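Every chain is numbered from 1, with letters handed out A, B, ... down the list of sequences. A quick note: this is a predicted structure, and the numbers were derived from the prediction, not measured.
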Amino acid sequence: MQRFDDNTDGLKEQVVDFEDAEFEEALKNFKSSVHAWSDAAYSRPRTVAREVRVRSWRLAAGWALGCVLVAGSVSGGLMERHHRAELARIAAQQRAVEQARQLQQQQARAKITDEVLLADVDSAVSRQVPDAMEPLAQMMADDETK
Amino acid sequence: MRIVNQVVNSDTVRASTWVMAAGTALDAMAITTSDDAAAQEFAQVVERHRPQIFRFLLSSTRDVDLAETLTQECFLKAHRNWGSFRGESSAMTWLMRIAINLQKDHWRNRRMQFWRTTRTNSVDLDEASEWLPSGESSIEQQLLAKERVKQVWTAVKGLSERQRTVFLLRYVEEQELSEIAAATGLSEGTVKAHLSRAVARVRLELGGRR
């Protein structure tokens with residue numbers, strides 16, 4: 001029984017030794033693998049320049065598009081403003097013409113009204129004068145004749 | 001007498017001005033020389049340690065582009081702070097500390113930006129396990145070795161950030177516990193504890209005893 005236990009312990013030790021060796025081997029391989037990968041990645045050709053070029057091209061395109069948009073919106077705004085100013089000017093012109101026309105009409109109406117009023121007054125003025133004023137009326141009539 | 005004094009005084013002033021100017025020029029030359037020396041020294045440090053920093057970052061991230069970017073950032077940061085490096089630890093330990101912090105910051109930022117669809121270039125474990133020097137072993141042995149390497153990668157992937165860092169520094173970079181402690185800012189006892197857990201995890205993955 002004692003000998004069997006001794007044998008079992010020995011076997012256990014052998015297993016432990018084997019596992020340790022296997023573990024050490026695995027770690028060694030892992031280290032070699034990482035070193036090999038790192039060396040290969042470290043010495044690989046870099047693609048940074050190309051990426052920068054692509055990025056700079058995109059940057060330039062973005063700037064160009066941005067400039068076009070800004071220029072378009074500014075010029076659109078200016079055109080809109082100019083269009084509105086033009087419309088306002090035409091409207092003001094039309095208003096002025098309309099006002100002048102209305103003024104002329106008013107003046108014409110006023111003139112007609114004055115003439116009609118004078119005619120009315122003329123017609124309404126009595127042609128007969130009192131006897132005492134007859135010599136004066138005669139004199140005015142003579143003056144008008146002259 | 002007054003005139004002579006004036007002449008002497010003006011000569012003295014001129015001479016002292018010349019000496020000051022010369023001194024300034026010498027100082028400037030000395031600064032330039034010391035700057036050149038520092039730049040040369042830093043260039044040597046970069047040349048010596050860059051591959052190792054890159055390797056550590058590559059094994060931590062499994063992403064070649066990210067490892068390159070972080071390596072660049074690491075040396076940029078080191079260059080900016082090169083004047084304040086007092087040499088209390090080795091340059092390698094100092095650089096490794098910067099690299100570890102950069103890597104932490106990177107993962108923290110990614111966690112904070114979880115709403116963004118960030119693209120990851122991490123290679124899968126099969127691809128990472130492909131890199132194995134063929135040596136003189138047979139095909140069966142190579143396949144077995146690749147399988148074992150893949151299992152180690154799987155275990156490393158499952159480790160916590162600290163455990164992974166400690167494990168990689170110990171078994172890939174072959175650093176001493178004191179160096180790992182200095183680089184990570186942990187005590188040696190904590191490093192041992194993390195390493196022990198990491199090794200247990202790897203052993204378990206390899207199918208061995210804990």
Leu57(B) versus chain A, the contacting section by heavy-atom distance below 4.5 Å: neither
To the nearest 0.5 Å, atom CH2 of Trp153(B) lies from atom OG of Ser33(A) at 6.5 Å
Which heavy atom of Arg55(B) sits nearest to which heavy atom of Val34(A), and what is that distance? CG-CG1, 3.9 Å
Using the ring of each side chain (for Trp, its six-membered ring), is Phe54(B) parallel, tilted or perpendicular to Tyr42(A), with breaks at 30° and 60°? tilted
Looking only at heavy atoms, what is the nearest atom pair of Leu58(B) and Ser38(A), with distance? CD2-CA, 3.6 Å
Would you confirm whether His35(A), through its side chain, and Glu173(B), through its main-chain N or O, come within 3.5 Å as a donor-acceptor pair? no
So does Asp120(A) have more than 12 non-hydrogen atoms from other groups sitting under 6.0 Å from CG? yes
Quick check on Arg97(B): does its CZ atom have over 12 non-hydrogen neighbours (other residues, nucleotides or ligands) under 6.0 Å away? yes
Whether over 12 other heavy atoms sit under 6.0 Å from Glu98(A) CD: yes
Check each atom of Val199(B) against the heavy atoms of chain A and say whether the ones under 4.5 Å are side chain, backbone, both or neither. both
Got a second to check how far Leu144(B)'s CG is from Asn29(A)'s CG, nearest 0.5 Å? 8.5 Å
Relative to chain A, which segment of Glu174(B) carries a heavy atom at a distance below 4.5 Å: side chain, backbone, both, or neither? side chain
Six-ring centre of Phe23(A), Arg203(B) cation under 6.0 angstrom, axis tolerance 45°: yes
Which atom pair, heavy atoms only, marks the closest approach of Glu68(B) to Ala41(A)? OE2-O, 4.0 Å
Would you call the rings of Phe30(A) and Phe167(B) parallel, tilted or perpendicular if under 30° counts as parallel and over 60° as perpendicular? tilted
